[in-house]
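Shown next, in structure tokens, is the structure this report addresses.
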Amino acid sequence: MAEQLVGDRVALEPELVATRRALHQQPELAFAEHRTAELVADRLRQIGLEPRTGVGGTGVIVDIGGGRPGPTLLLRADMDALPLEEKPGRSYGSQVSGRMHACGHDAHTSALLGVASLLAPRADSLAGRVRLLFQPAEEVGAGALAVIGDGALDGVDEAIGAHVLSPAPFGVVGIRAGDFMVGADLFELAVMGGGGHSGMPHEARDAVFAAAQLVSALQSIVSRETSTAEVLTLTIASIEGGTAANVIAGTVTLRGTLRWLDPSVRDRALARVEDIAAGVCAALRVTHELRLPATMPVLRCHERPTALLSQAAESARASVVDPGVFPASEDFANIADRVPTGFIMVGAGGEGYGMHHAPDFDIDERAIGLTTEILARAALTRLDGEGSAPGPG
């Protein structure tokens, strides 16, 4: 079966690349993945499966197997894109202004469709079932909770996921048990002043000036209040406010992320964001409001599904490495908080492929087929009739 799986994956690869490129050209933002979800559901129906749509808003779920007793293994891919303008020049570049698949979710969706194609003909061999989850809204940290609330984890015993990684070369796969990716809070800090005439700033309460002071002052939380032995990153990624050169804005909103490994460090940092905002704003005669639209916990992987993925990656001729704790975050961590979980980072580039969330991001598309094979191998091993996988539970 192993050799047949390799051959089937190789035969699939042109379709996987074509699917990824079609998705790349039509990126959709969080909870608006309607066209993407429709493509996914149509492809699943074409291979004889019966998907459930509208899960958590725009998600898609399909189960494979279940004819014989055994565990349920969930495999997940995310579908949403980013509000970003792609660097021009690619034949398959985004055709939607201001939107881009700049993190590889198009590749993940294509790879999981590949898994469906590989597993559907093998459904009778599964002792248990595989649940494929095409999840919306990962980038805003809300999609996993939405699909969980809509029953995506009902009956699930374990879960595995994958993410392409453009800085790592093709053929390298990062796997580790324990802490894998940091937790994150997405925050919005609104600064409210009185606005006014740009020629008479003394008559205004200037939200722009106060926001500018906050951008600098908040950095002291990491640089002056946090030990170098602790993991903490605070980034202001967006500043929004004002409409004209001669009108002092009444409101400015800072948006950013706080990333952490230790929840106590996180709690202390959030308290200091509030303290510093209150002090700066009071001094400059403006007010503030701190909001947390989403929180993603630390992604912690369990021994058994991690060993399962490691074995599958080695069988797929990948070079398995422990990358250490990765400084980005994943709302797949909300799934890992509820069921034993494994996760992999699949090398998809190296020099010249662009960084994630950047306008020149791209991938080595061979990583799509490799991801498909690893996930399919893991599922077939886990549901091999013994209901077992390597390593302790």
Ala367 versus Val164, closest heavy-atom pair with distance: CB-CG1, 4.4 Å
Nearest heavy-atom neighbours spanning Val325 and Leu261: CG1-CD1, 4.1 Å
Can you get from [X] to [Y] by hopping between Ile, Leu, Val, Met, Phe, Trp and Tyr side chains that sit under 4.5 Å apart?
| X | Y | value |
| --- | --- | --- |
| Val130 | Ile47 | yes |
| Leu375 | Val62 | yes |
| Phe180 | Leu74 | yes |

Derivation of the side-chain hydrogen bond (donor to acceptor under 3.5 Å, both in side chains) call for Thr253 and Glu188: CA-CA 7 Å; Thr253 300; Glu188 297 179 352; over 6 Å; no
CA sep, side-chain torsions, deciding dist, call: Leu189, Leu218, side chain to side chain contact (heavy atoms under 4.5 Å, CB included): CA-CA 11 Å; Leu189 181 54; Leu218 290 172; 4.1 Å; yes
Ring pair (Phe, Tyr, Trp, His ring centres under 6.0 Å) contacts in which one or both residues fall within residues 100-152, not counting sequence neighbours: His105-His108, His105-His163, His108-His163
Distance-only side-chain donor-acceptor flag, Ser94 / Arg99, under 3.5 Å: no
If the threshold is 4.0 Å, N to carboxylate O, is there a salt bridge linking [X] and [Y]?
| X | Y | answer |
| --- | --- | --- |
| Glu225 | Arg268 | no |
| Arg255 | Glu240 | yes |
| Arg76 | Asp331 | yes |
| Arg52 | Asp150 | yes |

Those residues that, when tested against Arg366, pass salt bridge (Lys or Arg N to Asp or Glu O under 4.0 Å) (two or more places apart): Asp364
Supply the atom-to-atom distance [X] [atom1] to [Y] [atom2], rounded to the nearest 0.5 angstrom.
| X | Y | atom1 | atom2 | result |
| --- | --- | --- | --- | --- |
| Leu383 | Arg68 | CG | CZ | 9.5 Å |
| Gln311 | Leu309 | CD | CG | 10.0 Å |
| Asp185 | Leu290 | CG | CG | 9.5 Å |
| Leu44 | Leu113 | CG | CG | 5.5 Å |
| Arg43 | Glu15 | CZ | CD | 5.5 Å |

Beyond-backbone contact of Ile368 with Glu13, side-chain heavy atoms, under 4.5 angstrom: no
Test log, rule salt bridge (charged side-chain N to carboxylate O under 4.0 Å, His left out), inputs Arg377 and Asp8: CA-CA 12 Å; Arg377 282 182 179 274; Asp8 290 349; over 6 Å; no
Glu38, CD: over 12 other non-hydrogen atoms inside 6.0 angstrom: no
Plane angle bin for Tyr92 and His24 - parallel if under 30°, tilted between 30 and 60°, otherwise perpendicular: perpendicular
